[in-house]
Amino acid sequence: MSKMRVVQVTQPNGPFELVEREIPEPAPGWVRIKVEACGICHSDSLTKQGIFPGIQYPRVPGHEVAGVVDAVGAGVVGWTEGQRVGVGWHGGYCGHCEPCRRGDFFACQWGQVTGITYDGGYADYMVAHSSALALLPEELSAVEAGPLVCAGVTTFNSLRNSGARPGDVVAILGLGGLGHLGVQFAAKMGFNTIAIARGSDKEPLARQLGAHHYIDSQVEDVAAELVKMGGAKVVLATVTNAQAMSATLGGLGINGKLLVLGAPHEALEVSAFPLIAGCRSIAGWYSGTSIDSQDTLSFSTLTGVRAMTEVYPLERAAEAYERMMSGKARFRVVLTTAQ
């Protein structure tokens, strides 16, 4: 049996280990993917630190996978060897539980999560459920595609389901791994796009990404500035700072919405009266299923949206992970398997 390299974690807070394993065979309903690239996401810390309940170790992280279908399990329909595919956070759905029957596949009670409930893409090969696959456009490289099936679909899918229409004021809070994609998607969707970040040094990048306006939260009153622009239809919160999120609430327009993507440890501070008086709301947004990832990839190909990436070989996964966790990466870190 041929061998493959994987980067695994054997226990909560354990080190990354580069080891050899046998290349797995896909079970019925699953496919094997020859991984070409896999982005590193902050959510990989759920596996590394053992935060996600019920993780079985050893586990291979990684849910920003781009590669090629290498083998197809029995009963798989619509996927064949040689197709270029991506696999994101959503690791597949059963199709027969009540949420699935209502079309809420993201809430499937079987609930597979790539790199958490089964081994992910820090490897030469992986197996994934066929319902988790998104078709990759030929125009996108594997390095370009990987981050788009996680950070990309999270921002794209939330914006297109936010209720905002072209011309509406949409603010992107944060200009990091999620935010730099959110600004691009918002601008390409035709929104009046405002980037909000700390420091004037980030304004040139925000404008380069397509922002029409920039608010420096260190020296400006974010809510007051949004009000001057007519109030935001949507504030897309990509940061993990609850105070920064709360500071935008006064800048929501009538029927405006704070849409939360980042997960702060602290509670949001919210005054109820402005929500009631202006029919304003706060909501969260889940990333998306495989077809949402496929839509993200298609839109990105059409409009030129791309993640800014730093690339590392698989054997330097530990270094790449620390680079991502440090917050210094510009802006996504991607592992490649080429030797």
Side-chain angles (χ1 to χ4, degrees), residues 1-11 14-41 44 47-48 55-92 112-138 140-150 290 293 297 309 311-321 333-339:
M1 179 70 71
S2 298
K3 300 287 187 177
M4 67 174 184
R5 300 171 303 157
V6 305
V7 176
Q8 67 180 16
V9 180
T10 60
Q11 62 184 11
F16 287 112
E17 299 177 356
L18 180 66
V19 299
E20 282 195 341
R21 291 186 188 176
E22 293 185 352
I23 297 175
E25 294 297 325
W30 294 63
V31 304
R32 186 172 68 211
I33 299 167
K34 188 179 189 306
V35 177
E36 294 178 334
C38 181
I40 297 180
C41 178
D44 292 344
T47 299
K48 179 71 163 63
I55 295 179
Q56 296 182 4
Y57 292 94
R59 179 61 72 224
V60 178
H63 59 266
E64 297 187 359
V65 183
V68 178
V69 175
D70 179 69
V72 177
V76 172
V77 177
W79 299 100
T80 58
E81 292 181 21
Q83 287 181 301
R84 300 181 70 233
V85 296
V87 182
W89 169 270
H90 183 82
Q112 298 299 295
V113 182
T114 313
I116 291 182
T117 60
Y118 63 83
D119 286 335
Y122 288 21
D124 289 320
Y125 293 85
M126 65 169 288
V127 291
H129 193 265
S130 59
S131 64
L133 304 184
L135 193 63
L136 297 189
E138 289 300 323
L140 290 177
S141 70
V143 169
E144 290 173 327
L148 292 175
V149 299
C150 177
S290 58
S293 289
L297 294 162
T309 57
V311 180
Y312 290 74
L314 179 65
E315 59 268 23
R316 292 172 60 192
E319 178 187 350
Y321 174 85
V333 177
V334 182
L335 298 174
T336 57
T337 59
Q339 298 187 64

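Only this structure's heavy atoms are used, side chains among them; waters, hydrogens and symmetry mates stay out.
A heavy-atom distance below 4.5 Å is not found between the side chains of Val334 and Tyr312. Leu335 has its side chain out of reach of Pro313: every pair of non-hydrogen atoms, C-beta onward, lies at least 4.5 Å apart. Residues Val65 and Val149 have side chains not in contact (no heavy-atom distance under 4.5 Å, counting atoms from C-beta outward). Val72 places none of its side-chain heavy atoms less than 4.5 Å from the side chain of Trp30. Counting heavy atoms from C-beta on, the side chains of Val127 and Ile33 never come closer than 4.5 Å. In this structure the side chain of Lys34 never reaches within 4.5 angstrom of the side chain of Asp124, judged on heavy atoms. Residues Pro61 and Val9 form a side-chain contact, since some pair of their non-hydrogen atoms from C-beta on lies under 4.5 Å apart. With a 4.5 Å cut-off on side-chain heavy atoms, Val31 and Val76 count as touching.
Thr117 OG1 to Ile55 CD1: the interatomic distance, rounded to the nearest 0.5 Å, is 9.5 Å. Taking OG of Ser2 as the reference point, atom CD1 of Ile23 lies at 5.0 Å (rounded to 0.5 Å). Rounding to the nearest 0.5 angstrom, the gap separating the CD atom in Gln8 from the CZ atom in Phe16 is 11.0 Å. To the nearest 0.5 Å, the span separating CG on Leu297 from CD on Glu144 amounts to 10.5 Å. From Leu135, atom CG reaches atom CH2 of Trp79 across 5.0 Å, with rounding to the nearest 0.5 Å. Summarising the geometry, atom NE2 belonging to His63 is positioned 7.0 Å from atom CD1 belonging to Ile116; distances are rounded to the nearest 0.5 Å.
Residue Ala134 comes nearest to Ser290 through the heavy atom pair CB-O, 3.5 Å, listed as atom of the first residue, atom of the second, then distance. Residue Gly62 comes nearest to Thr114 through the heavy atom pair O-CG2, 3.5 Å, listed as atom of the first residue, atom of the second, then distance. The two atoms that bring Ala123 and Leu314 nearest to each other are N-CD1, 3.8 Å, heavy atoms only. Closest heavy-atom contact between Gly29 and His129: O-CD2, 3.7 Å. Of all heavy-atom pairs spanning Ser131 and Gly92, the tightest one is OG-CA, 3.1 Å. Closest of all the heavy-atom pairs between Met126 and Asp119 is CE-O, 3.6 Å.
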Val87 and Leu133: side chain to side chain contact (heavy atoms under 4.5 Å, CB included), yes or no, with the steps? CA-CA 5 Å; Val87 182; Leu133 304 184; 3.7 Å; yes
Run the numbers on Asp70 and Tyr125 for side chain to side chain contact (heavy atoms under 4.5 Å, CB included), then give the verdict. CA-CA 9 Å; Asp70 179 69; Tyr125 293 85; 3.7 Å; yes
Taking it one step at a time, do Thr336 and Val143 satisfy side chain to side chain contact (heavy atoms under 4.5 Å, CB included)? CA-CA 8 Å; Thr336 57; Val143 169; 3.7 Å; yes
Glu138 vs Arg84, side chain to side chain contact (heavy atoms under 4.5 Å, CB included): CA-CA, chis, key distance, verdict: CA-CA 8 Å; Glu138 289 300 323; Arg84 300 181 70 233; 3.6 Å; yes
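Salt bridge status for Asp44 with Arg59: absent, with no side-chain N to carboxylate O gap under 4.0 Å. Look at Glu20 and Arg5 and you find no salt bridge, because none of the NZ, NE, NH1 or NH2 atoms lies under 4.0 Å from a carboxylate O.
By the salt bridge (charged side-chain N to carboxylate O under 4.0 Å, His left out) test, Glu81 pairs with no residue at all, sequence neighbours left out.
Of the residues Ile40, Thr47, Val6, the one that meets the side chain to side chain contact (heavy atoms under 4.5 Å, CB included) test with Tyr122 is Ile40.
Formation of a donor-acceptor pair under 3.5 Å by the Tyr118 side chain with backbone atoms of Gly91 is found in this model.
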